[in-house]
J.: 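So that we are looking at the same thing, I have put the structure below in structure tokens.
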Amino acid sequence: MIHLQRREVMFGLAGVALAQSLLGRASMALAADKIKPGPSSTLIVVDVQNCFLPGGSLAVKDGDQVIPVINRLAKSFENVVLTQDWHTAHHISFASSHEGKKPFEVIKLPYGSQVLWPDHCVQGTEGASIAKGIEIPHAQVIIRKGFHNDVDSYSAFLEADKETRTGLASYLKERKIDTVFVTGLATDFCVAWTAMDARNAGLNVYVVDDACRGIDINGSVAKAWEDMTKLGVKKIESSDIA
Ligand code: VGL
Ligand code: ZN
């Protein structure tokens, strides 16, 4: 056993020397600067569901391109939470639930203004399933949201009434998680609201930009980044993670 450990140490030192000669000192420093997620970090994969992929009922442009990036990232995390938009068949956020209204119109509801969407992510349907390409067998929890018929929930923490909690903040607290990395769909809605509520729950929050895609209605992606930045959400790329 001891012999084996020594050999590993020697290999380790040889490896560092080799890396230094191949990469030079500057890139060694860069490699060391990468963020290494530990046991107190969680990757949150927001709503990578069929309805939000090209061909889906609320397709996000290039939404499928986040899949390989997220699969690769997930290998760096021991903790992963997936979320699923999970609506009733006649959910209040659907334009079809409001006589004479069309998708992407905005209406006033008791809890505030609501964008009306095409029907999407109805509980138990194929459209609501997590995309087949997502391969994260070690994901530990799936948070479903938007299942109350009369309240939407972009955020994985707090429903749109700003009162009803999903339980995710308490779960992360019990698991002693202090840092989350948010990825998925869509940047300007469920990703942004999840990231901002994570900040409001006192967590360190990174949004991995190349692991997200937006819907972008009237500049909503730029606005979402403005709001997230104000709250202290940090924007990074997947290449920043070791
Ligand atoms: C989403 C609109 C409606 C999202 C969910 O996942 O960003 N957007 N429901
Ligand atoms: Zn929805």
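Just so you know, ligand 1 is whichever comes first in the structure, and atom 1 is the first atom listed for that ligand. Note that the coordinates shown come from a computational prediction; the quantities given were computed from them, not determined experimentally.
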J.: Please determine if His120 has a nitrogen or oxygen closer than 3.5 Å to a nitrogen or oxygen of ligand 1.
T.: yes
J.: Any idea which atoms of ligand 1 are less than 4.0 Å away from a heavy-atom of Cys190?
T.: 1 (C), 4 (C), 5 (C), 6 (O), 7 (O)
J.: With heavy-atom distances below 4.0 Å as the criterion, list the atoms of ligand 1 near Asp85.
T.: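 This gives 5 (C), 9 (N) as the contact atoms.
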J.: So is Gln49 touching ligand 1 or not, going by heavy atoms under 4.0 Å?
T.: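 Judged by the 4.0 Å heavy-atom criterion, Gln49 does not count as contacting ligand 1.
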J.: Checking Asp152 against Tyr154 for the side-chain contact (heavy atoms from CB on, under 4.5 Å) test, could you report, in this order, the C-alpha distance in whole Å, the side-chain angles of both residues, the deciding distance, and whether it holds?
T.: CA-CA 7 Å; Asp152 204 1; Tyr154 297 146; 3.3 Å; yes
J.: Starting from atom 6 (O) of ligand 1, what is the nearest protein heavy atom, named by residue and atom, and what distance separates them?
T.: Asp47 OD2, 2.7 Å
J.: With a heavy-atom distance limit of 4.0 Å, tell me whether Asp188 approaches ligand 1 through its side chain, its backbone, both, or neither.
T.: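 Under 4.0 Å from ligand 1, Asp188 contributes no heavy atoms.
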J.: Just to verify, which of Gln49, His87, His91 counts as forming a side-chain hydrogen bond (donor to acceptor under 3.5 Å, both in side chains) with His120?
T.: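 When Gln49, His87, His91 are each tested with His120, the side-chain hydrogen bond (donor to acceptor under 3.5 Å, both in side chains) holds only for His87.
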J.: Quick check: does Cys190 put an N/O/S atom under 2.8 Å from the Zn ion (ligand 2)?
T.: no
J.: Evaluate the criterion side-chain contact (heavy atoms from CB on, under 4.5 Å) for residue pair Phe189 and Asp47; output intermediate values, then yes/no.
T.: CA-CA 10 Å; Phe189 291 92; Asp47 296 3; over 6 Å; no
J.: I need the atoms of ligand 1 closer than 4.0 Å to a non-hydrogen atom of Trp117, numbered in the order shown.
T.: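 Every atom of ligand 1 under 4.0 Å from some heavy atom of Trp117: 2 (C), 3 (C).
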J.: Got a salt bridge between Lys132 and Glu126, using NZ or NE/NH1/NH2 to carboxylate O under 4.0 Å?
T.: yes
J.: Before you tell me yes or no, could you show the steps for Lys145 and Ser155 under side-chain contact (heavy atoms from CB on, under 4.5 Å), namely the whole-Å CA-CA distance, both residues' side-chain angles and the distance that decides it to 0.1 Å?
T.: CA-CA 8 Å; Lys145 59 186 181 60; Ser155 162; over 6 Å; no
J.: If I apply the N/O under 3.5 Å rule, does Ala186 come out as touching ligand 1?
T.: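 Yes - when backbone and side-chain N and O of Ala186 are compared with those of ligand 1, one distance drops under 3.5 Å.
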J.: Val69 and Ile236: same hydrophobic cluster, using ILVMFWY side-chain contacts below 4.5 Å?
T.: no
J.: Would you check if the Zn ion (ligand 2) lies under 2.8 Å from any N, O or S atom of His120?
T.: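 Yes, His120 qualifies, because one of its backbone or side-chain N, O or S atoms lies under 2.8 Å.
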J.: Flag yes if more than 12 heavy atoms outside Lys223 fall under 6.0 Å of its NZ atom; otherwise flag no.
T.: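 Counting other residues, nucleotides and ligands, NZ of Lys223 stays at 12 neighbours or fewer.
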J.: Carefully, step by step, assess Glu105 and His98 under the rule side-chain contact (heavy atoms from CB on, under 4.5 Å).
T.: CA-CA 11 Å; Glu105 285 184 39; His98 305 270; over 6 Å; no
J.: Under 2.8 Å from the Zn ion (ligand 2), is there an N/O/S atom belonging to Asp85?
T.: yes
